[in-house]
Amino acid sequence: MPELPEVETTRASLAPRIAGAVVTGVRLGKPLRWPLGCDPESLVDRTVGEATRRGKYLWLPLTGGGLLMHLGMSGSLAFRDAVPEPAAHDHFDLLTTRGTLRLTDPRRFGAVVWSNALDQDPALKLLSGLGLEPFDPAFTGAYLHDALKRRRIAVKLALLSGDMVVGAGNIYACEALFAAGIDPRLPANKVSRPRAERLADAVRTILARALALGGTTLRDFKDTHGMAGAFQDQAKVYGREGDPCTVCGTAIRRITQAARSTFFCPTCQRR
DNA sequence: AAGTGGACCTGCTAGC
DNA sequence: TGCTAGCAGGTCCACT
């Protein structure tokens with residue numbers, strides 16, 4: 001579910017409402033990907049600051065540190081005045097004077113980790129290898145070309161790796177490569193400068209469009225396994241194996257790369 | 001160093 | 001109807 005547009009949508013709706021709240025309690029459910037890393041009680045009485053985002057991570061500043069949060073594959077955050085009794089998949093509640101922030105995450109690949117925001121904090125290591133934000137002016141075709149040049153892995157995997165540019169997950173990586181007309185299997189170092197230009201453009205455009213729609217995939221997250229609703233209408237290749245390409249009519253193909261599905265049009269996307 | 005594969009965990013769907 | 005295999009939006013880590 002949560003790629004950059006969904007995480008950013010979550011952040012934007014959360015930030016203004018929770019900023020200034022004071023923590024009154026913490027409730028933990030089943031273990032998430034990593035332990036919280038502090039005594040939950042120690043968060044009480046800290047004041048919440050302005051939530052920010054880095055890649056697919058959310059940073060919720062608290063006095064003296066903050067919580068680094070990730071939604072994993074199946075996580076979602078809700079902030080409400082009153083939340084119901086925790087259900088089976090509700091694994092983290094941050095109770096505050098303005099409402100309760102709740103992480104619901106069936107697969108528990110997500111995480112909430114305390115960090116003291118100091119350089120040597122282990123939690124911050126999670127952010128240290130991340131590439132540029134897609135909307136950073138420094139994320140240009142020239143930058144992407146240079147980064148791709150040093151890698152021999154397939155260009156799709158290079159996008160997913162997150163060490164060049166963050167935010168494009170499996171869906172948007174597939175969509176961006178389609179928009180740029182590039183075969184996902186093409187070795188990264190074989191992407192020409194002009195095509196890197198188009199790819200950087202495509203990544204930005206695809207993510208911006210999804211963002212403008214308010215994180216399409218998030219909205220209907222509760223449906224089926226999360227892929228219902230508006231996003232399917234937007235996707236040109238993702239999840240469309242066997243369907244005709246919207247541009248040329250060729251059947252969309254699905255292949256496996258690094259144990260993950262890649263969808264592409266064998267006609268529109270060339271090596 | 002770069003690349004590959006396994007690991008984490010639950011739920012849903014398609015197919016027998 | 002019931003069981004099973006396969007698949008799912010992420011990414012860290014150990015190994016070659």
Side-chain angles (χ1 to χ4, degrees), chain A residues 1-10 29-35 37 53-58 68-77 87-92 103-113 122-131 147-176 185-190 203 206-207 210-211 213-232 234-235 237-242 254-263:
Chain A
M1 175 273 285
E3 299 185 41
L4 184 145
E6 292 74 35
V7 176
E8 176 56 23
T9 300
T10 298
K30 286 188 179 179
L32 292 161
R33 176 160 195 176
W34 295 294
R53 178 190 56 74
R54 176 75 175 97
K56 298 168 194 165
Y57 288 90
L58 284 174
L68 190 60
M69 303 191 281
H70 199 288
L71 302 180
M73 290 276 263
S74 58
S76 61
L77 281 171
H89 301 311
D90 299 330
H91 300 304
F92 178 84
L103 175 67
T104 303
D105 186 4
R107 292 177 72 180
R108 292 192 280 129
F109 288 174
V112 180
V113 180
L124 294 181
K125 217 180 65 179
L126 297 170
L127 304 179
S128 64
L130 295 184
L148 290 170
K149 223 166 42 184
R150 326 131 161 275
R151 305 287 229 101
R152 271 168 287 185
I153 49 170
V155 58
K156 154 87 176 330
L157 299 178
L159 279 184
L160 278 185
S161 74
D163 53 14
M164 302 175 190
V165 60
V166 295
N170 206 29
I171 297 176
Y172 299 125
C174 290
E175 295 299 320
R185 298 165 294 188
L186 182 69
N189 61 358
K190 296 283 172 52
V203 167
I206 296 282
L207 291 176
L211 197 47
L213 292 171
T216 40
T217 60
L218 181 61
R219 199 187 316 171
D220 298 305
F221 172 51
K222 297 287 185 177
D223 291 357
T224 66
H225 62 289
M227 274 304 297
F231 181 74
Q232 273 186 330
Q234 300 287 317
V237 288
Y238 189 85
R240 297 191 65 239
E241 181 181 19
R254 182 174 78 88
I255 59 173
T256 298
Q257 292 181 289
R260 310 202 58 196
S261 288
T262 298
F263 299 87

**Item:** N/O donor-acceptor pair, side chain R108(A) with base dC9(B), under 3.5 angstrom
**Value:** no
Hey, is the side chain of [X] poking within less than 4.0 Å of OP1 or OP2 on [N], counting only N and O atoms?
X: S74(A); N: dG11(B); result: no
X: Y57(A); N: dC12(C); result: yes
X: K56(A); N: dT11(C); result: yes
X: H70(A); N: dG10(C); result: no
X: R151(A); N: dA1(B); result: no
X: H89(A); N: dG11(B); result: yes
X: K125(A); N: dC12(C); result: no

Margin query: Under a 4.0 Å threshold between the charged nitrogen and the carboxylate oxygen, would D163(A) count as salt-bridged to R151(A)?
Written below: yes
Please classify the nucleic acid contact of S161(A) as base, sugar-phosphate, or nothing, using heavy-atom distances under 4.0 Å. nothing
So R260(A), base contact, sugar-phosphate only, or nothing? Heavy-atom distance under 4.0 Å.
base
If pairing means Watson-Crick or G-U wobble with both distances under 3.5 Å, then the partner of dA7(B) is dT11(C)
Spacing of the P atoms in dC7(C) and dG5(B) (rounded, Å): 16 Å
Report task. Output yes when a side-chain donor or acceptor of R108(A) lies under 3.5 Å from a complementary backbone atom of P31(A), and no otherwise. Result -> yes
Hey, is F109(A) doing a stacking thing with dC9(B), by the 5.5 Å centroid and 30° angle criteria? no
Notebook entry, point to check: Are any non-hydrogen side-chain atoms of L103(A) and M69(A) less than 4.5 angstrom apart?
Noted result: no
